[in-house]
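What follows is a set of notes on a single structure, which appears directly below.
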Protein chains: 2
Amino acid sequence: MRIGQLARRSGVSVRALRYYEEQRLLESARTPGGQRDYPDEALERVQLIQDLFAAGLSSRTVVELLPCVSTGVATPAMLDQLITERDRIAARIRDLNRARTKLGRVIENVTAASVVQD
Amino acid sequence: MRIGQLARRSGVSVRALRYYEEQRLLESARTPGGQRDYPDEALERVQLIQDLFAAGLSSRTVVELLPCVSTGVATPAMLDQLITERDRIAARIRDLNRARTKLGRVIENVTAASVVQD
DNA sequence: CTTGCACCTCACGTCAACGTCAGGTCGTAC
DNA sequence: GTACGACCTGACGTTGACGTGAGGTGCAAG
């Protein structure tokens with residue numbers, strides 16, 4: 001599978017895929033002509049990377065954690081980092097819930113005011 | 001209240017406070033000598049700004065929404081934007097929950113594997 | 001009056017995850 | 001053999017929320 005097709009299937013840009021390779025997040029075989037050739041599993045890999053990015057992990061963190069995420073084997077240090085990241089995400093979720101609640105109240109306020117105006 | 005004290009009380013940097021002013025998120029009176037002088041309400045304001053930033057809103061969005069957040073009065077367009085942002089936050093929370101669950105499973109996996117090794 | 005910390009205004013630097021452009025190559029269909 | 005889209009490698013540009021000096025001023029204390 002070539003890079004354009006992987007890009008379309010995964011929904012990320014060609015540039016992003018090359019960036020992932022540069023960051024050692026994703027490998028590729030090469031055709032004799034030098035073009036990237038991905039196996040089918042690359043699709044899952046890319047989706048996993050996207051999930052971790054979406055969770056706010058940096059590429060440095062992802063490259064450190066990807067091995068144990070895909071193999072299930074981790075050193076104590078990696079386990080620590082996994083837990084740290086999970087807790088960071090949980091904290092972020094709490095922040096977002098606070099903000100959402102706050103915005104929700106503002107919306108109620110505003111809506112109520114406009115109802116009064118009707 | 002001067003900028004250093006506001007910074008310490010709110011937990012944001014002096015630079016950030018000046019940046020907020022530059023972005024029209026925060027006003028300040030000036031002493032005859034040209035130094036910023038904040039009223040006590042500035043503290044809540046800064047915390048509100050931080051909450052909205054933490055929720056992933058840009059300073060442009062915040063500057064558009066701050067008036068109705070503090071006054072409770074909004075145009076229909078502002079209400080739309082409020083709802084859009086709230087929904088965006090909700091979607092982000094769903095993403096984060098997915099990622100957290102995923103990491104949680106990885107942690108379980110890894111932990112189980114090490115238990116087996118014991 | 002001078003020490004010295006807090007404050008001021010530019011204005012360039014940073015960092016991550018790509019976007020974008022230049023200039024050249026691959027591969028396959030005609 | 002040529003047309004042409006997909007691909008290649010640099011390498012510079014972008015964006016947001018500040019960080020970080022440089023060089024100068026405000027102000028309360030001794």
Side-chain angles (χ1 to χ4, degrees), chain A residues 1-39 42 45-66 81 85 88-89 92 95-96 99, chain B residues 1-39 42 45-66 81 85 88-89 92 95-96 99:
Chain A
M1 174 190 236
R2 286 191 302 174
I3 197 169
Q5 196 173 2
L6 180 55
R8 278 189 302 278
R9 284 196 190 169
S10 62
V12 315
S13 71
V14 167
R15 177 65 174 97
L17 293 176
R18 289 202 269 251
Y19 174 73
Y20 295 167
E21 184 167 329
E22 192 185 321
Q23 301 296 308
R24 303 182 166 284
L25 299 175
L26 182 64
E27 299 176 90
S28 65
R30 296 298 180 113
T31 68
Q35 302 199 350
R36 288 172 180 83
D37 186 21
Y38 296 98
R45 179 93 171 186
V46 171
Q47 283 163 349
L48 176 57
I49 294 171
Q50 284 286 300
D51 283 349
L52 294 178
F53 275 171
L57 306 207
S58 70
S59 74
R60 206 178 67 84
T61 306
V62 173
V63 79
E64 286 168 6
L65 294 183
L66 263 182
Q81 198 170 359
E85 292 303 335
R88 230 180 33 70
I89 293 171
R92 182 119 182 80
D95 284 354
L96 287 180
Chain B
M1 175 192 240
R2 286 191 302 173
I3 197 169
Q5 194 173 4
L6 181 56
R8 278 189 302 276
R9 284 195 190 168
S10 63
V12 316
S13 71
V14 167
R15 177 65 174 97
L17 293 177
R18 290 202 267 248
Y19 175 73
Y20 295 167
E21 183 167 329
E22 192 184 321
Q23 302 297 308
R24 306 183 165 283
L25 300 175
L26 183 63
E27 298 176 88
S28 67
R30 296 298 181 113
T31 68
Q35 303 199 350
R36 287 173 181 82
D37 187 21
Y38 297 97
R45 179 94 171 188
V46 171
Q47 284 164 348
L48 175 57
I49 293 171
Q50 285 285 300
D51 283 349
L52 294 178
F53 275 170
L57 306 206
S58 69
S59 74
R60 207 179 67 83
T61 306
V62 173
V63 80
E64 286 169 5
L65 294 184
L66 262 182
Q81 198 170 359
E85 293 302 335
R88 232 180 32 71
I89 293 172
R92 182 114 183 85
D95 284 354
L96 287 180

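Below, read A as the first sequence line, B as the second, and so on, with proteins coming before strands; counting in each chain starts at 1. We use all heavy atoms of the structure for the numbers below, so side chains are in, but hydrogens, waters and symmetry mates are not.
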**OP:** For nucleotides 24-30 of chain C, just jot down a letter per nucleotide in 5' to 3' order: B, S or -, based on protein non-hydrogen atoms under 4.0 Å.
**Re:** --SS---
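Listed candidates were dC8(D), dC18(D), dC18(C). Nearest to the side chain of S13(A) is dC18(C). When distances run from any side-chain atom of Q50(A) to the nucleotides dC18(C), dA17(C), dA17(D), the shortest one goes to dC18(C). Between dA17(C), dC12(D), dA17(D), one nucleotide has an atom nearer to the side chain of S59(B) than all others, and that is dA17(D).
Atom-to-atom, CZ of R15(A) to C1' of dG10(D) comes out at 10 Å; the value is rounded to the nearest Å. Distance L6(A) CG to dC8(D) C1': 16 Å, rounded to the nearest Å. When rounded to the nearest whole Å, the span between CG of D37(B) and P of dA6(C) equals 17 Å.
For dC8(C), the OP1/OP2 oxygens have a side-chain nitrogen or oxygen of R36(B) closer than 4.0 Å.
Look at R18(B) and E22(B) and you find no salt bridge, because none of the NZ, NE, NH1 or NH2 atoms lies under 4.0 Å from a carboxylate O.
When atom types are taken as modelled, the side chain of R92(A) and the backbone of A54(B) share a donor-acceptor pair closer than 3.5 angstrom.
In this structure, a donor-acceptor pair under 3.5 Å is present between the side chains of E21(B) and S28(B).
Contacts between residues 18-29 of chain A and DNA chain D, defined by a heavy-atom separation under 4.0 Å, are made by R18(A).
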